[in-house]
2 protein chains.
Amino acid sequence: MKKRATETAGKDEQLAQTSLRQFVGYEMKLAYLLIHADMMRILKPTGLRIVTFSALGIVVENPDISQTQLAQALQIERSGVVVIVDELENADLISRNKVEGDRRSYALRATLKGRNLWSRTEKLVHDHEDGILSGLDRSERETLKSLLGRVIEDNRKS
Amino acid sequence: MKKRATETAGKDEQLAQTSLRQFVGYEMKLAYLLIHADMMRILKPTGLRIVTFSALGIVVENPDISQTQLAQALQIERSGVVVIVDELENADLISRNKVEGDRRSYALRATLKGRNLWSRTEKLVHDHEDGILSGLDRSERETLKSLLGRVIEDNRKS
DNA sequence: TATTGTTATACTCTATAACTATA
DNA sequence: TATAGTTATAGAGTATAACAATA
């Protein structure tokens, strides 16, 4: 009978995971989970969640965007955008504005408070990324970003 | 009054997303979501979910692993492992075996069927990754994998 | 007392479908 | 008819807490 992993490796040691670590997708998931957890930690004092942070950025960058467009940008359903916009509007970070010529839709705009919070949070997130990527030099960070960008473009709408 | 993004960009165009695309974390998420969706598509005919695929690989690689150890490897709670192991056991891919000396725990082992399915699925996933990474040459793929690995190691248990 | 596996429960996130008011 | 926003509901996926058996 083979020894089980516990006995061989001891209690605190890592298990072999070559079977999964051979895949880029698995490493992508691990890296993403690390970033995700640290982002939640960083965003906590701002009152934003990751998805409301993202939505706020898109609204700041695209004034008078509609909720349907915001849904496309966030890659979620329109119904999900409602609570996100509610949350940002209740915090006085964005506003739903009437559109002349189409009374069905809203034009979303960031408030001054929203733009200010975005600017401050943008810096926080840069600090978070500096921490996560502290083991890579500037050129390596750019390479990582560029490779990820190409993977995204290559697989977009294909 | 500024023109809204719709009017400026037209209906089918992408919105500006520089605010988010500046962050490596956002690109990591986009890339991860692409891979995740394609993985689900690839795994569908095998009957495995991503998490049961991962669990199967770990059990194949670590015979006689316990459920608690599997939970650590998968980075989920022990309670969540129960249904995963149930699923794999019901499909006759792994078995719960008695451990001499500790009647509380199980020694998990992949069945022959489980090892065979793992081998076949491993190939499917390699094909999936070849597709996702088709825009990168061999050296670029290795660079991406290496950079992701370093990010993971740098941030592990810190 | 501590640990393994288990169950029950709750919470988060998101999708689906049906509705309303407009177009 | 089609579209924008909304609501209600359901489904994954996972965490938390309590429990029985065993150490």
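Quick note on labels: first sequence line is chain A, next is B, and so on, each numbered from 1.
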### Same apolar cluster (I L V M F W Y, side chains within < 4.5 Å links), A/L117/A/L124
no
Spacing of [X] atom [atom1] relative to [N] atom [atom2], expressed in whole Å:
X: B/D86; N: C/dG5; atom1: CG; atom2: P; result: 12 Å
X: B/I76; N: C/dT12; atom1: CD1; atom2: P; result: 19 Å
X: B/K44; N: D/dA12; atom1: NZ; atom2: C1'; result: 14 Å
X: A/E77; N: D/dT9; atom1: CD; atom2: C1'; result: 15 Å
X: B/M39; N: D/dA12; atom1: CE; atom2: P; result: 19 Å
X: B/K98; N: D/dT22; atom1: NZ; atom2: P; result: 10 Å
X: B/I50; N: D/dT14; atom1: CD1; atom2: C1'; result: 15 Å
X: A/H36; N: D/dA15; atom1: NE2; atom2: P; result: 12 Å

### Summary
Result for 5'-nearest mapping on DNA chain C, choosing between A/R103 and B/V81, is B/V81
### Task
From the options D/dT7, D/dA4, C/dC13, select the nucleotide whose nearest atom is closest to the side chain of A/S105.
D/dA4
### Query
Looking at the side chain of A/Q67, which of D/dT6, C/dA23, C/dG5 is the nearest nucleotide?
D/dT6
#### Entry: Residue of the set B/T52, B/T111, B/V60, B/V85 for which side chain to side chain contact (heavy atoms under 4.5 Å, CB included) holds with B/I94
B/V85
### Query
Which is it for A/E153 and B/R21 under the salt bridge (charged side-chain N to carboxylate O under 4.0 Å, His left out) test, yes or no, and what are the steps along the way?
CA-CA 12 Å; A/E153 300 315 321; B/R21 291 294 291 269; 2.9 Å; yes
Between the base of [N] and the side chain of [X], is there a donor and acceptor pair under 3.5 angstrom?
X: A/S79; N: C/dT16; value: yes
X: A/R78; N: D/dG5; value: yes
X: B/T68; N: C/dT3; value: no

### Query
Got a salt bridge between B/K123 and B/D130, using NZ or NE/NH1/NH2 to carboxylate O under 4.0 Å?
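The answer is no: the pair does not qualify as a salt bridge.
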### Query
Using 4.0 Å as the upper bound for N to carboxylate O, is an ion pair formed by A/R49 and A/E87?
yes
### Message
Can you tell me if A/R96 touches the phosphate of D/dT6, counting only side-chain N or O atoms and a distance under 4.0 Å to OP1 or OP2?
### Response
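Yes.
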### Query
DNA chain D: A/G80 or B/Q75, which has the more 5' nearest nucleotide?
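Its nearest nucleotide being more 5', the pick is A/G80.
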### Position toward the 5' end of DNA chain D (nearest nucleotide), B/M40 or B/R104
B/M40
